[in-house]
Amino acid sequence: MTKHVVSVSGGKDSTATLLIALDRCPPGSVVPIFCDTGNEHQAVHDYLAYLEQALDIQIHRLKADFTEQVMAKRRFIARDVRIGRDDKGRKVRWTNKAKRRALAVMHPSGNPFLDLCMIKTRFPSSAAQFCTGELKRDPAVEFQLALVDAGYRVISWQGIRRDESINRRKKRKFERIGPRMRAFRPIIDWSAEQVFAFAKAKGIEPNPLYRAGMGRVGCMPCINCSKADLRQIAVRFPDHIERIAEWEGIVSACSKRGSSTFFPPGTDAHAAQDVREVFAALGIRNRVEWSKTTRGGKQFDLLQVLDEPSTCSSVYGLCE
Ligand code: SF4
């Protein structure tokens with residue numbers, strides 16, 4: 001027997017994919033899943049509830065739990081006396097002061113995104129996109145492997161489109177991803193307009209976050225968000241900016257160097273050595289101020305990474 005597992009993100013593409021699966025597959029064989037990162041807007045959760053009610057389905061919520069890893073990291077920091085290197089190859093030692101600072105804040109929060117960043121002592125970036133892997137891919141794979149172990153064949157339905165990014169341009173419509181597991185990407189050649197029109201024809205409303213000016217729906221903010229998205233988030237949902245600013249303080253305290261920012265530094269910013277200087281230049285509040293500016297200027301060089309939105313390149317296509 002086959003189970004059709006549809007990864008639902010609350011965005012337009014995965015919603016259209018879910019609607020196709022419900023149309024084509026035998027009743028009871030469609031299994032929608034949602035991977036909760038702990039960094040989504042409440043509107044995403046509300047939209048899932050709307051889909052469940054409108055389509056008479058149940059969406060399985062999957063949420064990673066890093067409680068044990070946070071506790072293990074605390075033990076490691078308490079014992080560690082080695083001189084290590086940071087991500088730029090510079091020698092950094094866990095000083096007693098840094099240990100006290102980290103151990104004071106590093107406690108399991110129950111929020112997967114924050115707990116993961118505390119363990120890694122940094123935020124993810126497009127070059128080190130561990131958020132997709134550990135918050136979405138791993139729980140989704142674990143869920144699907146359990147179905148395989150229970151004797152099912154699994155088709156993993158993914159709502160990705162080639163015109164979203166270079167990463168996705170060469171994705172195939174069908175792909176073998178493991179024993180008794182296949183990927184199927186039914187809207188791979190669709191345009192965004194087709195996706196919206198399809199859902200509308202089915203009587204399904206889009207996630208209200210699109211009407212609020214968001215270009216993509218998922219984490220708020222996503223580490224890959226565009227300058228325009230960041231500006232919209234700051235204007236419409238400033239509480240999410242404040243939450244990230246608070247997380248920057250916690251993750252910074254967890255790191256050896258004492259600083260970590262949600263968006264990675266650009267090349268010029270590597271020169272910033274002083275912790276206060278890093279925060280002044282690169283913290284989320286400063287990035288928001290930059291997002292309100294026009295292109296160019298000194299700041300643009302520091303922050304250009306934000307102006308080139310990219311998408312998740314995971315085989316599972318889990319982030320919009
Ligand atoms: S890539 Fe963006 S949407 Fe995906 S898990 Fe990371 S922050 Fe969230």
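Whatever order the structure lists them in is the order used to number ligands and atoms, beginning at 1.
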Query - Under 4.0 Å to a heavy atom of Cys222 - the qualifying atoms of ligand 1, by number - result: 1 (S), 2 (Fe), 3 (S), 7 (S)

Report summary line: Taking only non-hydrogen atoms of Ile223 and a 4.0 Å limit, the atoms of ligand 1 in range are 2 (Fe), 7 (S)

Report task. Assess Cys219: does it contribute an N, O or S atom lying under 2.8 Å from atom 8 (Fe) of ligand 1? Result -> yes

Query raised in the report: Of Tyr152, Phe184, Trp157, which meets ring pair (Phe, Tyr, Trp, His ring centres under 6.0 Å) against His4?
Result: Trp157

Report summary line: The complete set of side-chain hydrogen bond (donor to acceptor under 3.5 Å, both in side chains) pairs with one or both residues in residues 102-119, sequence neighbours excluded, reads Ser109-Asp115

Query raised in the report: So, the side chain of Asp36 versus the backbone of Arg61: is there a donor-acceptor pair under 3.5 Å, distance only?
Result: no

Just list the side-chain donor-acceptor pairs under 3.5 Å for residues 229-237, sequence neighbours left out, or say none.
{"residue": "Asp229", "atom": "OD1", "partner": "Gly215", "partner atom": "N", "Å": "2.9"}
{"residue": "Arg231", "atom": "NH1", "partner": "Ser291", "partner atom": "O", "Å": "2.8"}
{"residue": "Gln232", "atom": "OE1", "partner": "Arg236", "partner atom": "NE", "Å": "2.9"}
{"residue": "Arg236", "atom": "NE", "partner": "Ala212", "partner atom": "O", "Å": "2.6"}

Query raised in the report: Do any heavy atoms of Asn39 fall under 4.0 Å from ligand 1?
Result: no

Query - Nearest heavy-atom neighbours spanning Asn224 and Ser126 - result: OD1-CB, 3.4 Å

Requested in this report: Provide the number and element of each atom of ligand 1 under 4.0 Å from a heavy atom of Gln129.
Outcome: 1 (S)

